[in-house]
Amino acid sequence: MKLTVWTYEGPPHVGAMRVATGMKKLHYVLHAPQGDTYADLLFTMIERRDHRPPVTYTTFQARDLGADTAGLFKKACQDAYDRFQPEAIIVGASCTAELIQDDPGGLAETMGLPIPVIPLELPSYQRKENFGADETFFQLVKHLAKPQTKTERVSCNIIGPTALGFRHRDDVAEITNLLFELGIEVNVTAPMGATPSDIAQMGKAHFNVLLYPETGETAARYCEKEFDQPYTKIVPIGAGATHDFITEVRALSGSTASLDSQALRQTWWSRSVDSTYLTGKRVFIFGDGTHVKAAARIARDEMGFEVAGLGCYNREYARDIRAIAKEFGVEALITDDYLLVEKTIETLQPEMILGTQMERHIGKRLGIPCAVISAPVHVQDFPARYSPQMGFEGANVIFDTWIHPLVMGLEEHLLHMFREDFEFNDAAGPSHHGGHQPSGTASVQVPAAPEQSLALSTGGDVAIWLAEAEKELKKIPFFVRGKARRNTETYATSQGLSEISVDTLYEAKAFYAR
Amino acid sequence: MTEHMPLPPATGCRTAPVLKERGQREVFCGLTGIIWLHRKIQDAFFLVVGSRTCAHLLQSAAGVMIFAEPRFGTAILEEADLAGLKDAQAELDRTVEELLARRPDIRQLFLVGSCPSEVIKLDLNRAAERLTQTYAPRVRVLEYSGSGIETTFTQGEDACLAAMVPVLPSTDARELIVIGALPDVVEDQMVALLTDLGIGPLRILPARTIDDEIAVGPNTVFALTQPFLGDTHAALIRRGARHIAAPFPFGEEGTTAWLSAITEEFNIPRALFDRVTEAPRRRARQAISQAAVPLNDKSVFFFPDSQLEIPLARFLTRECGMTALEVGSPYIHDALHGPDLDLLPAGPQISEGQDVDLQLDRCRAAHPDLTVCGLGLANPLEADGFATKWAIELVFTPVHFYEQAGDLAALFARPLRRKSLLKVAAE
Ligand code: SF4
Ligand code: SF4
């Protein structure tokens, strides 16, 4: 038993739903109780899909358990086939149905439906959502794709994008376009947008572009072995990675077409003097393995940040993330325990978080700005505008997204200079974010009342702030105040001081000056 | 009833034939109730014993409401628990110990059963008894099922309240208990109304904290503010209490009828009733008449969701000028829903249970002006040109009693107003 408050990933059948919902003419018959239909709203509300996910739930109830849940499953399967006329059906069980052991795969097989019926074995009590998506897509490829003569012109498949993916819609558009400019045709994009008959054609491509290892790597490996299709190892997130990706694709395809990278503004934006203030900002990075790997490289090499810590929630990528952490000289945090992530952030006191929607909430509470770089997704991660993470435009978007929560360069200086101006004071927050306090209210914005977890981490051995020092602390702009407070307290403790005076504050400042 | 009350319809829906369906249901399970119950009962923690799916449901249903550390969590069953490698009861003891050490402020702990815990027959009742002994008097441990194989959406609150009834102390006092979790502001309004009517002592279940004592016995009478409390109703009757049957307090008519049933029970003079309710009734009627303009002469179709459907259909047809085409409810209890069915004019198809694809076919054929449905169906229906109201908002928003009657009408009117405002059609 494991006590869990918030989770980064859903159960594996939600991963299977992401594949099925991204595809067309595929139907998923899921042996599951009624409450599991909540998963539909992930797609219809968060992603604002205008169709119900192609999923039929058997919604068995307690009274069915002693009776004939297997019969219920077969009826649901038949009804789904009759009503939706899919090209193929995937069948499986959610956590509860796994326990009653009806064997949906075996049952469906005996029905003699005239279409491929693909059974899924997704162990609900061991694995999670990403595994579910990866395994489902792999089973689809394994059952449906066959070796084929390669296309005359060089072509590739794009694999990995799913429904409910973090910016998958726009990443696919961006990379399809990039490949087009390189003279490479996209044979099939899957699972997102593909039909089962498209998947049957995947063998025609010369190589595969793997955009999301989390949801496509097993299928990519299978295609490499069975169809002699090498696949790309670099995920084109960030300017540097995009250039490397292009080199990799050129090597796989023999393309020599020239590329216009004029649209890449990020590299100049971050060299322009306006960006000086970004130098050495300490960031903490957390998310899925692939996005964290990419973000770490962008943070250091393209933004000039200092990476204070990083980690991922999907254990499958622990080894990669540990390697990166070693390279960056920090410790890797591999966990799906939200409270542990919160605690780590509190301890590290970064100036910014690059995380998921969960870390955005942590940031809100701790008063640390946060930009979202990875799933789990939220309705805000499906903007109406074009907003990829990959390719040149993706690098631009990331630049904008990451600096948005920060206080801009000149503004930062002005806050320092006029820190006691009743209107232009730091309590007002970055001027381009709403919710400014009415002028004249001199109160200082404090993060929401500290709850339990905060109380736990502050021990009893903290030095006491004298009134003058407390007042001085308030003159420090809010976005560094947390760090100043913590540094001063740590310093005081290390010096064996029981009180903090204005002097202690500045001693500490000098001590920690970088 | 006072002279201002409109007459009930010549034929209501109480005896209308009910279409009973047992196909695929598109509804939440009872775990969802934890989302509002944990805010309402301020010293309680809800520990779901379940799977990753249960944790994910709670998180998805809670949506934006991410609190630093909410007063609910999931003890996720793992492979070793299922294979019997670990003693599940001992694991539960360990988890509860960890939790209570972390949260010394918790006075009531609810162990909430889920589909997986029920299928493996994990005895939470035994666990609750054992844990109560361990942690008494600091913490009281109770147990109920919120599983999807036993409960639908709001039935989770019912199961939770029903679990509290057997442990209430006994009394012979003549007291009124009002049952149902309401937003604090609404609850305060209700208390003020009943107090002005001279009714008391008044108890409320669920109470905000464990210290607010409630007792029950043969002289207790109780009123329900929510139409989904069937099991709690039965549990109270088992304790000898008597139910004051009434329409539910939605809208001006519903609130008046509900209060009036209670005042009759307590023999409150009609004049006092009129004096106390006159001003809020007038305000409610006025607010509804303004807010309901877009609803007049429009049709409505209810998918089953929270069991609020029948009282709300009564409100929309009797007070907002709408016509109901189908009123679907996950369950219909005559003892609870009968008074509202009496007032609902004959005409609509009343349905119980669901077969979602068939019901979608009926909805499309009926072409209602407004469809009330769950979150999974709303956007797909909107994309087909149907204006929808998400049912879940009705459970999360203050909608009961006089002062919210206008807001309730406005909740339904907003999708229609919006539809008429937007000039560019979706592609
Ligand atoms: S339906 Fe059952 S398994 Fe699904 S979330 Fe609800 S309690 Fe958990
Ligand atoms: S509001 Fe305007 S001036 Fe202020 S930071 Fe934003 S863009 Fe600059």
Side-chain angles (χ1 to χ4, degrees), chain A residues 1-7 9-11 13-14 32-46 48-53 56-62 64-65 76 79 83 94-96 99-100 123-126 128-129 339 342 357-358 361 365 378 448 450-454 456, chain B residues 23-32 47 49-53 55-57 59-61 64 66-70 73-79 81-82 86 88 91-92 94-95 98-99 102-103 105 114-116 118-120 147-150 152 357 374-380 382-383 426:
Chain A
M1 242 174 241
K2 188 171 184 325
L3 182 59
T4 308
V5 182
W6 302 113
T7 68
E9 287 182 76
H13 70 261
V14 167
Q34 59 180 1
D36 290 3
T37 60
Y38 80 87
D40 283 0
L41 80 86
L42 304 171
F43 300 91
T44 61
M45 296 303 288
I46 296 180
R48 303 180 206 248
R49 286 202 169 244
D50 58 2
H51 280 83
R52 291 171 64 208
T56 296
Y57 305 81
T58 55
T59 65
F60 55 86
Q61 295 182 292
D64 302 317
L65 285 181
D79 286 354
R83 177 174 281 265
S94 78
C95 54
T96 308
L99 297 173
I100 58 179
S124 307
Y125 297 90
Q126 294 167 26
K128 290 178 259 179
E129 179 179 333
L339 296 174
E342 178 175 59
Q357 292 291 342
M358 315 264 259
H361 286 279
R365 266 195 306 287
H378 182 267
E451 292 222 11
Q452 198 58 29
S453 53
L454 286 177
L456 279 178
Chain B
Q24 181 186 326
R25 302 167 69 115
E26 179 84 18
V27 286
F28 287 136
C29 59
L31 295 185
T32 325
L47 180 65
V49 183
S51 64
R52 178 164 298 280
T53 314
H56 199 235
L57 162 103
Q59 173 160 339
S60 311
V64 293
I66 297 202
F67 307 107
E69 207 181 328
T74 309
I76 296 187
L77 294 162
E78 293 169 311
E79 201 65 9
D81 301 305
L82 300 171
K86 291 185 187 165
E91 279 293 290
L92 199 52
R94 187 185 53 74
T95 310
E98 184 189 329
L99 173 73
R102 192 183 178 88
R103 303 296 304 259
D105 51 326
S114 68
C115 305
E118 271 158 35
V119 170
I120 64 167
S147 82
I149 55 176
E150 295 279 4
T152 300
D357 286 313
L375 295 172
L377 300 177
N379 264 336
E382 289 278 351

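This structure is a prediction, so every number in the text was calculated from the model and none was measured. So that the names make sense, note that chain A is the first sequence line, chain B the second, and so on, each numbered from 1.
Here the shortest heavy-atom pairing between A/Tyr125 and B/Glu79 reads CB-OE1, 3.5 Å. In terms of heavy atoms, B/Ala55 sits closest to A/Thr7 at CB-CG2, 3.8 Å. The two residues A/Asp40 and B/Gly376 come nearest to each other via the heavy atoms CB-CA, 4.1 Å. The shortest heavy-atom contact between B/Glu150 and A/Ala62 is OE2-CB, 3.6 Å. When all heavy atoms of B/Pro116 and A/Leu99 are compared, the closest pair comes out as CA-CD1, 3.7 Å. Smallest separation of non-hydrogen atoms from B/Gly148 and A/Pro33: C-CB, 4.3 Å.
Rounding to the nearest 0.5 Å gives a distance of 8.5 Å between CG of B/Asp357 and CG of A/Asp79. Distance check, rounded to the nearest 0.5 Å: CZ of B/Arg102 to CG of A/Leu3 gives 8.0 Å. To the nearest 0.5 angstrom, B/Leu377 atom CG is 10.5 Å from A/Leu41 atom CG. Rounding to the nearest 0.5 angstrom, the gap separating the CG atom in B/Leu77 from the CE atom in A/Met1 is 5.0 Å. Summarising the geometry, atom NZ belonging to A/Lys2 is positioned 11.5 Å from atom OG1 belonging to B/Thr74; distances are rounded to the nearest 0.5 Å.
Each of A/Thr96, A/Leu65, A/Ile100 was checked for a side chain to side chain contact (heavy atoms under 4.5 Å, CB included) with B/Cys115, and the lone residue meeting it is A/Thr96.
Side-chain contact between A/Thr59 and B/Val27: absent, with no pair of heavy atoms (C-beta onward) separated by less than 4.5 Å. Side-chain contact check for A/Tyr38 versus B/Cys29: every heavy-atom pair is 4.5 Å or farther apart. Inter-residue side-chain proximity for A/Thr37 and B/Arg25 is flagged as unmet; no heavy-atom pair is nearer than 4.5 Å. For the pair B/His56 and A/Leu42, the minimum side-chain heavy-atom distance is below 4.5 Å. When side chains are defined from C-beta on, A/His13 counts as touching B/Thr53, because their heavy atoms get closer than 4.5 Å.
At a 4.5 Å heavy-atom cutoff, B/Thr32 makes no contact with chain A through either its backbone or its side chain. For B/Leu31, no part lies near chain A; criterion is any non-hydrogen pair under 4.5 Å. Contacts of B/Glu98 with chain A are made by side-chain atoms alone, with heavy-atom separations under 4.5 Å and no backbone atom involved. In this structure, chain B has no heavy atom under 4.5 Å from any part of A/Ser94.
At most 12 non-hydrogen atoms from other residues, nucleotides or ligands lie less than 6.0 angstrom from CZ of A/Arg48.
Within the 3.5 Å criterion, the main-chain N or O of B/Leu375 finds a donor-acceptor partner in the side chain of A/Thr44.
Here B/Leu82 is the residue among B/Leu82, B/Val49, B/Ile120 with the most heavy-atom pairs under 4.5 Å with chain A. Looking only at heavy-atom pairs under 4.5 Å with chain A, the residue among B/Gln24, B/Glu78, B/Glu118, B/Glu382 that has the most is B/Gln24. Among A/Gln61, A/Arg49, A/Gln34, the residue making the largest number of heavy-atom pairs under 4.5 Å with chain B is A/Gln34.
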